[in-house]
Enquirer: 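Dropping the structure in here first, questions after.
Source: prediction; values computed, not measured. Both backbone and side-chain heavy atoms feed into the values below; hydrogens, waters and symmetry mates do not.
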Amino acid sequence: AKMQKYLLYNAVEPEELPTLRELSTMEICKVWSGMSRYIYRQLLQKTAVEIGVGTFAVVPVHASVEEGKVLPVERPVFILSKPLKMFYNLESDETKIPDEIPVVQPDFEEIAAETHFRHEIVEQCVQETLLCFAGALRDNKEVEFSFR
């Protein structure tokens, strides 16, 4: 049900983003880099992380190497949630997360402890950023989200 809030019929209003308005760009980046490190640690432990608009996971893929040889490798991917794809009419590869991979929600307490923000701030900052992301999808804007 968490994801419902990212299916937007209307544009995102500034008052829906109180935390982002309080934080500086640098603070927002700090929160996301904490989030990014958290996701990275989970992926290293073969755990997927669901963040509302989709899921980060490491999935097995087959890479073609020379002379038609195929190499099984593991690749980190971001899989958009199905309802989101349908709602915004988006195209993306059908990637399945293998059943043996556990899927967790972000642990905002842990991310907060590491970034020295209150955990409510971390959680709201992440959710409001995702709301902006959804708003950009709704308005057909180009979105660039870069993760190390």
Side-chain angles (χ1 to χ4, degrees), residues 1-8 12 16-66 69-148:
K2 241 188 178 168
M3 197 225 49
Q4 295 318 108
K5 69 162 159 284
Y6 302 121
L7 305 181
L8 306 174
V12 179
E16 293 177 74
L17 309 169
T19 311
L20 291 187
R21 288 162 67 195
E22 292 285 300
L23 297 173
S24 67
T25 304
M26 219 168 127
E27 288 170 323
I28 295 168
C29 289
K30 227 168 137 179
V31 167
W32 277 97
S33 87
M35 181 77 162
S36 170
R37 283 192 302 273
Y38 173 81
I39 292 167
Y40 181 68
R41 289 195 300 271
Q42 299 303 314
L43 295 181
L44 285 180
Q45 294 166 18
K46 302 264 191 286
T47 299
V49 183
E50 196 272 312
I51 64 163
V53 293
T55 306
F56 289 94
V58 172
V59 297
V61 290
H62 294 288
S64 306
V65 285
E66 24 85 67
K69 286 195 189 113
V70 172
L71 201 66
V73 290
E74 293 191 309
R75 201 177 67 164
V77 292
F78 178 69
I79 305 163
L80 268 175
S81 82
K82 268 214 177 79
L84 207 81
K85 265 176 27 181
M86 285 162 68
F87 189 84
Y88 293 116
N89 206 354
L90 303 169
E91 303 223 340
S92 73
D93 297 339
E94 272 309 316
T95 311
K96 295 256 325 141
I97 298 175
D99 293 337
E100 66 274 13
I101 295 183
V103 180
V104 298
Q105 306 283 320
D107 182 337
F108 291 112
E109 297 268 347
E110 187 183 321
I111 299 162
E114 192 193 305
T115 51
H116 309 296
F117 286 102
R118 291 208 323 278
H119 100 263
E120 298 79 26
I121 300 278
V122 174
E123 188 164 359
Q124 283 156 356
C125 173
V126 166
Q127 286 175 2
E128 290 174 21
T129 309
L130 293 175
L131 204 56
C132 287
F133 175 71
L137 291 179
R138 179 192 170 274
D139 300 336
N140 246 328
K141 291 197 178 106
E142 281 274 320
V143 178
E144 192 174 305
F145 235 136
S146 58
F147 266 106
R148 289 202 164 172

Enquirer: Can you tell me if CG on Asp139 sees more than 12 non-hydrogen neighbours from other groups inside 6.0 Å?
Expert: yes
Enquirer: Does Phe117 have any ring pair (Phe, Tyr, Trp, His ring centres under 6.0 Å) partners at least two apart in sequence or in another chain, and if so, which?
Expert: none
Enquirer: Could you state the interatomic distance from SG (Cys132) to CG (Leu20), rounded to the nearest 0.5 Å?
Expert: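 The CG atom of Leu20 is 5.5 Å from SG of Cys132, to the nearest 0.5 Å.
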Enquirer: Any side-chain heavy-atom pair from Val77 and Ile97 closer than 4.5 angstrom?
Expert: no
Enquirer: Going by an N to O cut-off under 4.0 Å, is there a salt bridge joining Glu128 and Arg21?
Expert: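 Between Arg21 and Glu128 there is no salt bridge, as every charged N stays at least 4.0 Å from the carboxylate O atoms.
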Enquirer: Report the distance from atom CD of Glu123 to atom CD of Glu109, rounding to the nearest 0.5 Å.
Expert: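 CD of Glu109 is found 9.0 Å from CD of Glu123.
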Enquirer: Per the ring pair (Phe, Tyr, Trp, His ring centres under 6.0 Å) rule, what does the pair list look like for residues 77-102, sequence neighbours excluded?
Expert: Tyr9-Phe87, Phe56-Phe78
Enquirer: Can you name the residues that form a side chain to side chain contact (heavy atoms under 4.5 Å, CB included) with Glu66, not counting sequence neighbours?
Expert: Lys69
Enquirer: Going by heavy atoms in the side chains, are Leu84 and Leu7 under 4.5 Å from each other?
Expert: yes
Enquirer: Taking only Lys NZ, Arg NE, NH1 and NH2, and the carboxylate oxygens of Asp or Glu, determine whether Lys5 and Glu16 approach each other closer than 4.0 Å.
Expert: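 The answer is no: the pair does not qualify as a salt bridge.
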Enquirer: For Tyr6 and Leu130, indicate whether the former's side chain and the latter's backbone hold a donor-acceptor pair under 3.5 Å.
Expert: no
Enquirer: Salt bridge or not for Glu110 and Arg37, using N-O below 4.0 Å?
Expert: no
Enquirer: Supply the atom-to-atom distance Leu90 CG to Lys82 NZ, rounded to the nearest 0.5 angstrom.
Expert: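 So the gap between those two atoms works out to 13.5 Å.
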Enquirer: Looking at every heavy atom in both Trp32 and Thr129, which two are closest together, and how far apart are they?
Expert: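 Nearest pair, atom of Trp32 first, then Thr129: NE1-OG1, 3.1 Å.
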Enquirer: Does any part of the side chain of Thr55, heavy atoms only, come nearer than 4.5 Å to the side chain of Ser81, both counted from C-beta?
Expert: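 Result no, sub-4.5 Å side-chain heavy-atom pair not found.
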Enquirer: Considering all heavy atoms of both residues, which atom of Gly34 and which atom of Thr115 are nearest to each other, and what is their separation?
Expert: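 Of all heavy-atom pairs spanning Gly34 and Thr115, the closest is CA-CG2, 3.7 Å.
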Enquirer: How long is the straight-line distance from CD1 of Ile121 back to CD of Glu22, given to the nearest 0.5 Å?
Expert: 8.0 Å
Enquirer: How about CZ on Arg75, more than 12 heavy atoms from neighbouring residues, nucleotides or ligands closer than 6.0 Å, or not?
Expert: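 12 or below, so no.
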Enquirer: Can you tell if the side chain of Ile51 reaches within under 4.5 Å of the side chain of Val126, non-hydrogen atoms only?
Expert: no
Enquirer: Closest approach of Ile28 and Cys125, non-hydrogen atoms and distance?
Expert: CG2-SG, 4.0 Å
Enquirer: Does atom NZ (Lys30) have a neighbourhood of more than 12 heavy atoms from anything else shown, all under 6.0 Å?
Expert: no
Enquirer: Could you give the distance from CD (Gln124) to CZ (Arg118), rounded to the nearest 0.5 Å?
Expert: 8.0 Å
Enquirer: For Glu142, I'd like to know if atom CD has over 12 heavy atoms of other residues, nucleotides or ligands within 6.0 Å.
Expert: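 Incorrect, the count does not exceed 12.
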Enquirer: Taking all heavy atoms of Pro76 and all of Leu43, pick out the closest pair and write down the distance.
Expert: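 Scanning both residues completely, I find the closest heavy atoms to be CB-CD1, 4.3 Å.
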Enquirer: Please identify which of these residues, Val58, Val103, Val104, meets the side-chain contact (heavy atoms from CB on, under 4.5 Å) condition with Gln42.
Expert: Val104
Enquirer: Return the CG to CG distance between Leu8 and Leu131, rounded to the nearest 0.5 Å.
Expert: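 CG of Leu131 is found 5.5 Å from CG of Leu8.
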Enquirer: Testing the basics here: between Pro106 and Ile111, what is the closest heavy-atom pair and its distance to 0.1 Å?
Expert: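 It is CB-CD1, 4.2 Å.
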